[in-house]
Amino acid sequence: MKRISAILMSGVLAFSLCACSGNGGSSDKPADTGAVFKAGTYEADGTGYGGSGSPIHVKVTVSDTAIESIEFTAAGETPTVGGAAIPLLVDKVVAAQSTKIDGVTDATFSSNGFFEAVNDCLKQAGADPEKLEPKDGGSAEAKDVEETYDVVVVGAGGAGMTAAITAKENGKSVIILEKAAVPGGNSSRATGGMNAAATHYQKEQNIEDSPELYYQDTMKGGHDINDPALVKTMAEQSSAAIDWLDSIGAPLSNIGQAGGASTKRQHRPVDENGKILSVGTFLVEHLSSTCKDKGIETKFNTRVDKILVEDGKAVGVHGKTDDGANVTIHAKSVVIATGGFGSNPDLIVKYKPELKGYVSTNASTITGDAIAFLEDIGADFVDLEQIQIHPTVVQKDGSLISESLRGDGAILVNAEGKRFCNELLTRDVVSAHVNEQTGSYAWLIVDKNMYEPSTVIQKYVKNGLMTECATIADLAKLMEVDEKVLTETLNKWTECCKNQKDPDFERGNYDAILSDLSHAPYYAVKIAPGIHHTMGGVKINTNAEVIDVKGNVIPGLFAAGEVTGGVHGGNRLGGNAVCDFVVFGRIAGTSASK
């Protein structure tokens, strides 16, 4: 029998999974062929997403022949990513009696840090982890599942969880199916903020804005090929969406400015010390905990492959778990919120061949599965060829450097040590400028005054994405540029901030800038464009109802988030994806409830 215990201590969740036995011993232990370990309890640290300053700490107890239990603390890991992944790995390692198993998808840092720490403990116990081959954990045979709910939601990202919570608030029974092992999807990777207009936070901070101005900025940013009705709906309901997030304990009170916006409307979370947080992990954590608090079941590791249809109406879905079990959910309404296809190279090349070979910022599970099963029932699609590249992506691993940094004062500098564009132009335009530079790359630079109030920047440094440079000379050495040229570039930018005028590139937003980049140390990262967002997807109306190829509503079928098309047109403005998934997630949940 396996026992899992969880203890919350000082905000750190410690899990222990023990292999226990009744009469005759446990099938989880290997055959008694002699001592494998020196019995005892061993402790070690591993470097996860929190970096070396906040390691994953494990305590491994072994008998002579088996790994008996593993406990851990991981204060530096994102609760809904690493914090959710490590308990799964504890189970797998004890069952397999080995660390030679797969990590959890999209929790790579956490998985590697956990394995590092456990392997250290096993070495202390006298074993060679590389020689411990995985054993049959005695898992039960996969069983098919068939259940009935009022609403089934496919996808546990921002849009899916928002829709599920809204339907639950309307008194409906709800289940979420998610193909990954943890919630979040691309929503977890959003680092900037959420655009919203005429919010109470803007009014409290004397920021003038309106849904009409938000609408105009979004249409212009999308090259006017957006669906005007969808954009109008998003803009007009954005303030109410902020209020709703307040109601679930997820306030976005800090306001910055992103590219393509006429004013400060990018709402961001802060911690208890006022430091800016990543909006994606913040919202996913709160949405996930709200789902749990409301008793919404989520089946993870379940990939949906078919929408069930009777008499032209969606009445449920079919999927399969990772271990091969069939999952059939009957429902009165179906909400599709599976995200885009930014991690599917074949679909990227199919719809936009010139992007072949580009690195992607997307979670590995974002592969466009819904396109096939929506096509099967005659759903229509729009703008599938509209695929956005983001200008500031770390090429070695696809890590995104948030656009909010440029809004707060970061600049882009080329291989010659010079600025080359207005950093707050839309993503497609800034990406084009980067690609035109020598080597098709640039450096993004911030300073001490931007670093100190931002946990986002601090995380970049901790994870080795940004490099600290004590002086301009050190910065020039890192960038391999002429120190005099770089000094002149930084001094000119400081003058721009002082005079609130940029004669070379006409950049504005000085009231949103946190620093004039005159305060060492400096922090820099080498970036180039990468695939970031797929603007196209299934066609919906303002009720989030899915439209078929004949222009008719498919009864009982709704969609929200990046799986849909029409909201963003030919280019998505930074901060609009979060607004999209909250606004249309709420609409989809409300419509599905009816």
Side-chain angles (χ1 to χ4, degrees), residues 1-50 54-104 107 109-140 181-182 300-301 322-323:
M1 178 182 71
K2 298 176 183 178
R3 182 176 70 252
I4 300 177
S5 60
I7 308 171
L8 188 63
M9 300 179 294
S10 302
V12 179
L13 194 61
F15 284 81
S16 173
L17 187 151
C18 302
C20 306
S21 62
N23 298 328
S26 169
S27 63
D28 284 343
K29 294 183 179 181
D32 187 6
T33 57
V36 177
F37 308 106
K38 180 181 178 181
T41 297
Y42 304 89
E43 300 184 38
D45 291 338
T47 304
Y49 190 69
S54 186
I56 298 170
H57 182 78
V58 304
K59 184 186 294 185
V60 179
T61 299
V62 297
S63 65
D64 289 346
T65 58
I67 301 170
E68 295 284 351
S69 69
I70 301 173
E71 298 177 25
F72 78 90
T73 55
E77 304 309 291
T78 304
T80 53
V81 184
I86 295 176
L88 303 177
L89 295 175
V90 168
D91 195 346
K92 289 182 178 181
V93 169
V94 175
Q97 292 293 299
S98 171
T99 56
K100 294 175 70 174
I101 58 175
D102 292 335
V104 174
F109 284 108
S110 301
S111 297
N112 291 344
F114 173 76
F115 289 142
E116 175 191 351
V118 174
N119 284 338
D120 189 331
C121 291
L122 297 180
K123 289 176 182 177
Q124 293 178 50
D128 181 353
E130 285 299 312
K131 294 182 179 179
L132 298 175
E133 294 298 327
K135 294 178 168 46
D136 181 5
S139 58
V182 295
F300 292 104
N301 301 306
D322 285 354
D323 54 11

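Computed from a prediction, not measured in an experiment: that's the story for all the values here.
Of the candidates Val60, Ile67, Thr99, Val62, Cys121 forms a side chain to side chain contact (heavy atoms under 4.5 Å, CB included) with just one, namely Val60.
Between Ala85 and Ala107, the shortest heavy-atom distance links the atoms CB-CB, 3.7 Å. Ser54 and Ala75 get closest at one heavy-atom pair: OG-C, 3.9 Å. Heavy-atom minimum distance, Gly82 versus Pro87: O-CD, 4.5 Å. In terms of heavy atoms, Ile56 sits closest to Ser110 at CD1-O, 3.5 Å. Here the closest heavy-atom approach between residue Lys59 and residue Thr41 is recorded as CG-CG2, 3.2 Å.
Looking at heavy atoms from C-beta onward, Phe300 lies out of side-chain contact with Asp322 at the 4.5 angstrom threshold. Counting heavy atoms from C-beta on, the side chains of Pro129 and Lys123 come closer than 4.5 Å. Side-chain contact check for Phe114 versus Val90: some heavy-atom pair is nearer than 4.5 Å.
Taken from CG in Asp91 to CD1 in Ile70, the straight-line distance is 9.5 Å, to the nearest 0.5 Å. Of the inter-residue distances, the one linking Phe72 atom CZ with Asp45 atom CG reads 13.5 Å to the nearest 0.5 angstrom.
With sequence neighbours left out, Asp64 forms a side-chain contact (heavy atoms from CB on, under 4.5 Å) with Ala35, Ala39. Tyr49 pairs by the ring pair (Phe, Tyr, Trp, His ring centres under 6.0 Å) definition with Phe109, not counting sequence neighbours.
Distance alone, capped at 3.5 Å, places no donor-acceptor pair between the Gln97 side chain and the Leu132 backbone. Distance alone, capped at 3.5 Å, is enough to place a donor-acceptor pair between the Lys100 side chain and the Glu130 backbone. Panel note: side chain Thr78, backbone Thr80; no donor-acceptor pair is recorded below 3.5 Å. Ser111 places no side-chain N or O within donor-acceptor distance of the main-chain N or O of Gly103, the cut-off being under 3.5 Å. Within the 3.5 Å criterion, the main-chain N or O of Thr47 finds a donor-acceptor partner in the side chain of Glu116.
Using a 3.5 Å distance cut-off with no hydrogens or angles, the side chains of Asp120 and Gln124 do pair a donor with an acceptor.
Residue Asp128 places its CG atom among more than 12 non-hydrogen atoms of other residues, nucleotides or ligands, all under 6.0 Å distant.
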Residue pair Tyr42, Leu122: steps toward the side-chain contact (heavy atoms from CB on, under 4.5 Å) verdict: CA-CA 8 Å; Tyr42 304 89; Leu122 297 180; over 6 Å; no
